[in-house]
Amino acid sequence: MAALGQGPYNFTKEIVEVYTMRSSRAAMRRGVRINTVCPGPIDTPLLPEFRATTSDAIIDWNIREMNGRAVSPREVAATLAFFAAPASSYVSGVNIDIDGGFSAAAASGQLDMSGRS
């Protein structure tokens, strides 16, 4: 995975996003919408497991760069509820990053990379 410039976790998230985009047209023709969410670290009992497998330094950096706190389960649930609501009935093939702007900052070169180790 080093040749891809990222680890397996991020790579598999990208696979899911691309699968969602590529599947959405055929799914919509069958009356099914397909969307994904990519949250940053979520404040749940699973967070210590992410810390153990990734590192405290990476998780702390990620949280600091994504608005200073972990995502709450309620924030993820609210986004999922939107996907289930009539208001999103014509939304298909999209991914919503629930990360306090982390992905936008990464894509536009605004992350402070000095804390990542």
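These values consider heavy atoms only, across backbone and side chains, with no hydrogens, waters or symmetry-generated copies. Numbers here are sequence positions counted from 1. All of these numbers come straight from a predicted model, not from anything done at the bench.
- Of all heavy-atom pairs spanning Ser108 and Ala104, the tightest one is OG-O, 2.7 Å.
- Counted within 6.0 Å of OH on Tyr19, heavy atoms from surrounding residues, nucleotides or ligands total 12 or fewer; the atom is thus considered open.
- Ile98 and Phe82 fall within the same hydrophobic cluster, defined by Ile, Leu, Val, Met, Phe, Trp and Tyr side-chain heavy atoms under 4.5 Å apart, directly or through other members.
- Other members of the cluster containing Val16 do not exist, because no ILVMFWY side chain is joined to it at under 4.5 Å.
- Between the CG atom in Asp97 and the NZ atom in Lys13 there is a gap of 7.5 Å [rounded to 0.5 Å].
- Tyr90 and Val32 fall into different hydrophobic clusters, where Ile, Leu, Val, Met, Phe, Trp and Tyr residues are linked whenever their side-chain heavy atoms come under 4.5 Å apart, directly or through other members.
- Taking all atoms of both residues into account, the shortest heavy-atom contact from Cys38 to Glu17 is SG-OE2, 3.5 Å.
- Looking only at side-chain heavy atoms (C-beta outward), Ile42 and Pro73 come within less than 4.5 Å of each other.
- Ala105 pairs by the side-chain contact (heavy atoms from CB on, under 4.5 Å) definition with Gln110, Leu111, not counting sequence neighbours.
- In this structure, the side chain of Asp43 does not engage the main chain of Ser72 through any donor-acceptor pair within 3.5 Å.
- Across Phe83 and Thr36, no two heavy atoms sit closer than the pair CE1-O, 3.8 Å.
- Met21 and Ile15 fall into different hydrophobic clusters, defined by Ile, Leu, Val, Met, Phe, Trp and Tyr side-chain heavy atoms under 4.5 Å apart, directly or through other members.
- When every heavy atom of Asp99 is checked against every heavy atom of Met66, the shortest pair comes out as O-CB, 2.8 Å.
- The two atoms that bring Thr20 and Ile34 nearest to each other are CG2-O, 3.5 Å, heavy atoms only.
- Considering OG1 of Thr54 and CH2 of Trp61, their distance stands at 12.0 Å, rounded to 0.5 Å.
- In terms of modelled atom types and a separation under 3.5 Å, the side chain of Arg64 and the main chain of Asp112 share no donor-acceptor contact.
- Going from atom CG of Leu80 over to atom OG of Ser88 covers 10.5 Å, rounded to the nearest 0.5 Å.
- Checking side-chain atoms of Ser92 against main-chain N and O of Arg33 turns up no donor-acceptor pair under 3.5 Å.
- Within the 3.5 Å criterion, the main-chain N or O of Gly93 finds a donor-acceptor partner in the side chain of Asn35.
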